[in-house]
There are 2 protein chains.
Amino acid sequence: MTSPRPLRADAARNRRLLLAAAADEFAERGLDASVADIARRAGLGKGTLFRHFATKDDLLAAIVLDRIDELGALGEQLLDAADPGPALLEFLTVAADQQQQRDLSFLQEAGELNADVIRAREQMFRTVHKLVDRAREHGAVRADVTGADVILLMCAPNYVTSYVSDAPPDLWRRYLAIIFDGLRPDGAHPLPHPPPAAP
Amino acid sequence: MTSPRPLRADAARNRRLLLAAAADEFAERGLDASVADIARRAGLGKGTLFRHFATKDDLLAAIVLDRIDELGALGEQLLDAADPGPALLEFLTVAADQQQQRDLSFLQEAGELNADVIRAREQMFRTVHKLVDRAREHGAVRADVTGADVILLMCAPNYVTSYVSDAPPDLWRRYLAIIFDGLRPDGAHPLPHPPPAAP
DNA sequence: TAGCAAGTTGACCACCCGGTCCGCTTATTG
DNA sequence: CAATAAGCGGACCGGGTGGTCAACTTGCTA
């Protein structure tokens, strides 16, 4: 099932170099950073990159998959937290912090093709749904808000701050706080549209 | 100052066709829609496009400028509204509705070069600041929120819904409502980060 | 340490992009 | 209706892209 042969020592190191370089490059220049630049940044040839990742999308998928799994694992862990309200906030905080530099649009855009990413993402989404359900039952989140809502709003803080030039690295916390206040039951006004079924 | 000669009849029509086609194309495929596609959609040659708009950015700027001016005018109008709270909400509603299809990232990204766009945008931003100040004085918006915050959050509803495939066209209203609830004074929790100076 | 498979490399390819240019068409106007 | 300038279009250009490949290097193993 898995790889019959382990990776050669230098190849394993180069793979790590490529992933790191790609993560940096995508963070700085968005998802249309060129593979040539990524390879150069890793100090390797372009051919080497394509030996490890058959396609640019595969490279992206490898990065994204790591992030999603990480986030999913954290979510699972937080399902056992004593206080579901702060647990949800903690989850959203880590999610935003993890992507600090750049919006995680690629989370959706790259996922269209790669089956692994889609699977991991849906698993993670299910966890978010559970986190939100628990928080709602605890009265920490308004009754008319669903997991799908939170999933969609999850990326907003980073997106919003990506527009201020030379933004302080923690500015997203401000907007996460505002949005989270909007999710609380205190002083909530009725919502004008039903939630989406999708995520 | 302005054009010494009026546009020829067919040229004026073609200009309109190009603007409409470009707006559609950008809405559907994002800002890296190709000029060739835009021209084809308008039923015209690529050369014609470049005769009307020296550069792809100029074309984008022309579209964006219209939208910004429209929004700015509405804002000015709403400054005289009797109730500043609903006036701000109305402004944000129209802003989001106007861009319904696609996030208005280009509002920022395209603005980097074109001086006209920058000027119009800053004027519009000043109006938003006034709207927010009035709403805050009226107790319709929490004390620790600034115009800059609202400007940044303005695009979030569209951005957020752009990720749900086949989203109902009014879904953004739901997220505008949630975010606006986060801006209200009722049940507001202190914000963990100072507002940005920029916009 | 010898041999070989695994890994590396950068020149190279086809393709697509924004933008140019010049021969052609056509609205305008006297 | 001519004459003319404004407008049109698509072949073309240079540059940058993702991806390939055959010659070369190197880590592993017997």
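It should be emphasised that the depicted structure is a prediction, and the values quoted were computed from it without experimental measurement. Values below: all heavy atoms of this structure, side chains included; hydrogens, waters and symmetry mates excluded. Chain identifiers are assigned alphabetically (A, B, ...) following the order of the sequence lines, protein sequences preceding nucleic acid strands; residue numbering begins at 1 within each chain.
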Nucleotide [N], atom [atom2] - distance to [atom1] of [X] in whole Å:
{"X": "B/Arg15", "N": "D/dC8", "atom1": "CZ", "atom2": "P", "answer": "12 Å"}
{"X": "A/Leu17", "N": "C/dT8", "atom1": "CG", "atom2": "P", "answer": "10 Å"}
{"X": "A/Leu44", "N": "D/dC24", "atom1": "CG", "atom2": "P", "answer": "21 Å"}
{"X": "B/Leu49", "N": "D/dC8", "atom1": "CG", "atom2": "P", "answer": "11 Å"}
{"X": "B/Arg40", "N": "D/dG9", "atom1": "CZ", "atom2": "C1'", "answer": "13 Å"}
{"X": "B/Ile38", "N": "C/dG19", "atom1": "CD1", "atom2": "P", "answer": "11 Å"}
{"X": "B/Arg51", "N": "D/dA6", "atom1": "CZ", "atom2": "P", "answer": "9 Å"}
{"X": "A/Asp32", "N": "C/dC16", "atom1": "CG", "atom2": "C1'", "answer": "14 Å"}

For the side chain of [X], counting heavy atoms from C-beta on, which of [options] is nearest?
{"X": "B/Phe50", "options": "C/dG19, D/dC8, D/dG27", "result": "C/dG19"}
{"X": "A/Lys56", "options": "C/dT8, D/dG19, D/dG7", "result": "D/dG19"}
{"X": "B/Val35", "options": "D/dC28, C/dG18, D/dG18", "result": "C/dG18"}
{"X": "B/Asp10", "options": "C/dG7, C/dA27, D/dA6", "result": "C/dA27"}

Rounded to the nearest 0.5 Å, what separates atom [atom1] in [X] from atom [atom2] in [Y]?
{"X": "A/Asp144", "Y": "B/Arg174", "atom1": "CG", "atom2": "CZ", "result": "6.0 Å"}
{"X": "A/Ile179", "Y": "A/Leu176", "atom1": "CD1", "atom2": "CG", "result": "7.0 Å"}
{"X": "B/Leu31", "Y": "B/Arg29", "atom1": "CG", "atom2": "CZ", "result": "12.5 Å"}
{"X": "B/Asp170", "Y": "B/Asp97", "atom1": "CG", "atom2": "CG", "result": "7.0 Å"}
{"X": "B/Asp181", "Y": "A/Asp181", "atom1": "CG", "atom2": "CG", "result": "10.0 Å"}

Taking only N and O in the side chain of [X], is any of them less than 4.0 Å away from OP1 or OP2 of [N]?
{"X": "A/Thr55", "N": "D/dG19", "result": "yes"}
{"X": "B/Arg8", "N": "D/dA6", "result": "no"}
{"X": "A/His52", "N": "C/dT8", "result": "yes"}

| said: So B/Ala12, base contact, sugar-phosphate only, or nothing? Heavy-atom distance under 4.0 Å. | reply: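 Counting heavy atoms under 4.0 Å across all strands, no contact is made by B/Ala12.
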| query | What is the nucleic acid contact for B/Thr48, judged by heavy atoms within less than 4.0 Å: base, sugar-phosphate only, or nothing? | reply |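 Here B/Thr48 touches the bases of the nucleic acid.
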| said: Which is more 5' along DNA chain D, the nucleotide nearest B/Gly45 or the one nearest A/Ala9? Just name the residue. | reply: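 The 5'-side residue here is B/Gly45.
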| message | So, under a plain 3.5 Å distance rule, would you say the side chain of A/Lys46 forms a donor-acceptor pair with the base of D/dG19? | response |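 By the distance-only test, yes, there is a pair.
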